[in-house]
Each structure stands twice: as structure tokens, then as C-alpha cells.
2 protein chains.
Amino acid sequence: MGRHREFDVEKALDAALCVFWRKGYEGASYADLTEAAGVERPALYSAFGNKEALFRKVLARYYERYVDYVPAALQLPTAREVAAHLLQGAIDLTTRFPDHTGCLGIQGVLAGSDEAEPVRQALIEARVEAEAQLRERFERAKAEGDLPETARPDTLAAFLMAVLHGMAVQAKAGFSRETLEAVAEQALATWPAGKGEGDLRVRPQP
Amino acid sequence: MGRHREFDVEKALDAALCVFWRKGYEGASYADLTEAAGVERPALYSAFGNKEALFRKVLARYYERYVDYVPAALQLPTAREVAAHLLQGAIDLTTRFPDHTGCLGIQGVLAGSDEAEPVRQALIEARVEAEAQLRERFERAKAEGDLPETARPDTLAAFLMAVLHGMAVQAKAGFSRETLEAVAEQALATWPAGKGEGDLRVRPQP
DNA sequence: CCTTTTTCATAATGACCGTTATTAAAGCCC
DNA sequence: GGGCTTTAATAACGGTCATTATGAAAAAGG
């Protein structure tokens, strides 16, 4: 029983996602959030809890709906394809929307006040977990022979994450998709070749 | 004539530098700044102007005193040495101080409120200028033959900057110096060889 | 229809933000 | 040493922050 909720929770979350993406966790105020969502303050609190809880819900949504290329990439057959797909996916994500470029997981809280420390740690943990998945995938690739015996899966994972993070910083600075694709290609040029892999380009032509 | 200033302006700037480095521009409050500097609020205002002016002074100091390895690197004889020195310098800078890791130029304002937009743009411009200097250096290297004719100086500059930014993000997340050195080595593994350059390691052993 | 329950909107909360009067203290010139 | 200038310290400024009390509006049950 009781009154029905009038606003669309999904749309409100999407609006909050955009605001956090653009301004980061601490840079986004409730004035921004309520204006974007078209919903009054108490409605956001009753629906999502406080600001940190709202951000965590938004972050989960972000990973589900925008960073879904990561699990997809991890299932590709070779380590090189995994890396190439991750790079291309990150470029798409960080440059697709002109009004909120970059990556929420990076610019959410890179540095901030003590009050934002839990959120900052949450973002770090998410990145660490992603890197661990990547390392495990490359260990498998090494076992399967599509990475050479001399390859270091942990280093490759850390390197790839560094390039991804750096491209996210550049995307937030307004870099073009073309520039980022050149960066990705250069990153892949370093990629150790497995058995019978000679073509080192991002998207091999037939 | 008039009363002499009692606090050390240089030390106050150093203190503010540390605070901004740790918490970013908007994350640092005047309560933090005055406590770190041991100086009351009005003294900071009369000596440096408002928060943005203080940050810009701090940023200039940061480049002078901490990022001085960049102009030094640009004068090295080969493009590869330039890249290697930049990578090593960034690793040193971003991991040397355990209480303020990462890079002020990155985590100062990556994303923030509208009020921080001018500072954000200033940081972007500084990075763009650094990348332009790097590109020019690599163009010279190409002309001098220590980069091959197929090399793209703009791409190499953007790639190197991406790796540097990514390492700064990782350093702020607490990554160890050893990990970052492995990342740097992997980044250099792709480096296009000039005439008679075969050794692609970061620090060649005798 | 009336009560109950939930949501809505208005507006207020205390705390902290960056910034600045205001007043007292300290040093130089005449 | 008095007048003048600059700095120091206290305390306040208006504004915005995240958060919430309050009461009206709306829907369901009995």
C-alpha cells in the first residue's frame, strides 16, 4: 500500500551517473544531482541512501552497462586479442560521449578530502581486481602458448592497465579518438608474439 | 618600512604543495593548508592571494623543483634515452614520498566542480605543452636518424605521456616502484630502434 | 469514507567552504 | 619616541555543502 513512486529510478540513476562521470564524486553536488535527475533531494535520499551509497550504486551500474567490454574481452582466444579489445573498448567508452569523457573509475576520486577516502579506496579496489583478472588471463595465455615463456603476465597486466589509465586521463583532457587509437597501436607494438603470431597491428586487415 | 613577515614563505609554499599533492585542489581546504603551513588564514591570503593563485604558485614550484627531470631528459642524445629518463624520473617522483604519491599535475583536478574548471584547464595545458616539447624532441630525433623514418613523433609522444599518466594513477593507488619499473620497461620494449641501437632495456648493464 | 502508509515538495539544519573586516602587535622613518 | 605602515590573530562573513524534519498529497486496505 501507500503512494507510488513518481520518478523513474533507472533514469535518475542514469542522470546521477552522468553527473558523477563529468564532475567526479566530490565535484558533484546534490544541487547538480537533483537538477540532472529532475527529482528533489529527499527523493534521492529515500531511494538510494546518502551520497556515498548513491555513488556506489552508480559505480555498479557503470561497470554493468559501460565497462561490459572487459569480461567480453577476457574471453577472447588470445592474449593479444584481449589486449586489443580492451584498448579499443576503453577508447570507445572514454570518447563516445562528448559531455562526459574519460573514465568514471579514474576520475571519480583520484585525490580528495579525507571524507572521500572510502570511495577512493573502492575505486582502487575495483581497478586492482580488474588487473588481477587480466593477470590470470595472461597466465592462462602463457600456459596455452599464445604468450612466450619469457612473458611476465603480471607485468603485461600492469602495463596494459597503465596505458588504459593514461588514455583515460588523455580522454578527459579532450584527446581525439584517432590520437588514442594511435596510442593503443603503439602499446600493442610491444606485445610479445605467441606461436605463429606475426601481425602486430590493432585491427589486422584481411 | 612596516612589520616584517614572521613565517617563511618558502616553507609555507612547501607545506601547501604537500597538501595539494595529497588531496588535490578541491580536496584541500584552508583548514588543511593553514594547519600544514603553521600559518593563519589571512597570512596565506595576503602572501599568495586566493586559493587558485596559491595553487598556481604551488604548481610552478612543483614543476621547478620536482619535475625538473623533464627538461634534463629532453637534452639527452637519443630519443630512447629521453623516454627512459622520463619514465625513470616519473617513477622516482611518484613513489619517492610515501605520504604524497602520484603526480600533482594529474590528481590536482582531473574532474571537479565548475568552480575548479580554470585550474583543471591549466593542468591540461601544462600537460599539452609537455607533450608538444616531447613531440618536437622526437621530430629532431627522427631528423638526426636515431628514430626510423617510419616513426611517428606525435604518436610516440602521446604514447609515452599515456604511460606516464597511467603510472601516476597507479602510483596514487599505492603501486610499488618495482611494479612501475616493470611497466616502464615494457613500454620501452616497443621503442623503435634507430641506427645501431639493439639494446632495448631500461638501464643497460655493462 | 476513513485510516494507514508511502512519496512528494518546501525549507530548515549544523557544519564547513573560501574569503575578509577588524583590531592588536611589531618594526622603520622622521 | 610618535606617526606610519605592514603583518598577525581573532572572529566573523555570506554561501554552499550533505542531510533531514515537516507537513501536504496520493494511493491502497478495511
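Worth saying up front: this structure is predicted, and the values here are computed from it rather than measured. Naming convention: chains lettered A, B, ... in sequence-line order (proteins, then strands); numbering from 1 in each chain.
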In 5'-to-3' order, the base (B), backbone-only (S) or no-contact (-) status of each nucleotide in nucleotides 19-30 of chain C, using a 4.0 angstrom heavy-atom cut-off, is BBB---BBBS--

What is the first contacted nucleotide of DNA chain D and what is the last, in 5' to 3' order, if contact means an atom lying under 4.0 angstrom from a heavy atom of chain B?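 First and last nucleotides in contact are dT5(D) to dT10(D).
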
When you check the phosphate oxygens OP1 and OP2 of dT7(C), does a side-chain N or O of S46(A) lie under 4.0 Å from one of them?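 Answer no for this pair, as no side-chain N or O of S46(A) is under 4.0 Å from OP1 or OP2.
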
Which pairs, with at least one residue in residues 99-114 of chain A and sequence neighbours excluded, count as a salt bridge (Lys or Arg N to Asp or Glu O under 4.0 Å)?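 Every pair satisfying salt bridge (Lys or Arg N to Asp or Glu O under 4.0 Å) with a residue in residues 99-114 of chain A: D114(A)-K23(B).
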
Taking only residues at least two apart or on different chains, which pairs with a member in residues 47-62 of chain A satisfy salt bridge (Lys or Arg N to Asp or Glu O under 4.0 Å)?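 Checked against salt bridge (Lys or Arg N to Asp or Glu O under 4.0 Å) - neighbours excluded - the pairs reaching residues 47-62 of chain A are E10(A)-R61(A), D14(A)-R61(A), E52(A)-R56(A).
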
Nearest 0.5 Å, please: how far is CE in M167(B) from NE2 in H165(A)?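 If I round to the nearest 0.5 Å, the distance is 13.0 Å.
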
Which residues pass the ring-ring contact (aromatic ring centres under 6.0 Å, His included) test with [X], sequence neighbours left out?
X       : result
F97(B)  : W21(B), Y66(B), H100(B)
H85(B)  : none
F138(B) : W191(B)

Between [X] ([atom1]) and [N] ([atom2]), how many Å, whole number?
X       : N       : atom1 : atom2 : answer
D32(B)  : dC16(C) : CG    : P     : 12 Å
L44(B)  : dG18(C) : CG    : P     : 11 Å
K23(B)  : dC17(C) : NZ    : C1'   : 14 Å
D114(A) : dC16(C) : CG    : C1'   : 14 Å
E26(B)  : dG18(C) : CD    : P     : 9 Å

Any ring-ring contact (aromatic ring centres under 6.0 Å, His included) involving residues 107-131 of chain A? Give me the pairs, sequence neighbours left out, ordered by first then second residue.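 Passing the test, one end in residues 107-131 of chain A: no pairs.
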
Quick one: ring-ring contact (aromatic ring centres under 6.0 Å, His included) pairs with a partner in residues 38-58 of chain B, sequence neighbours left out?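 Output for this query lists F20(B)-F55(B), Y25(B)-F55(B), Y30(B)-Y45(B).
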
Pick base, sugar-phosphate or nothing for A47(A), based on heavy-atom distances below 4.0 Å to the nucleic acid.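 Result for A47(A) = nothing.
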
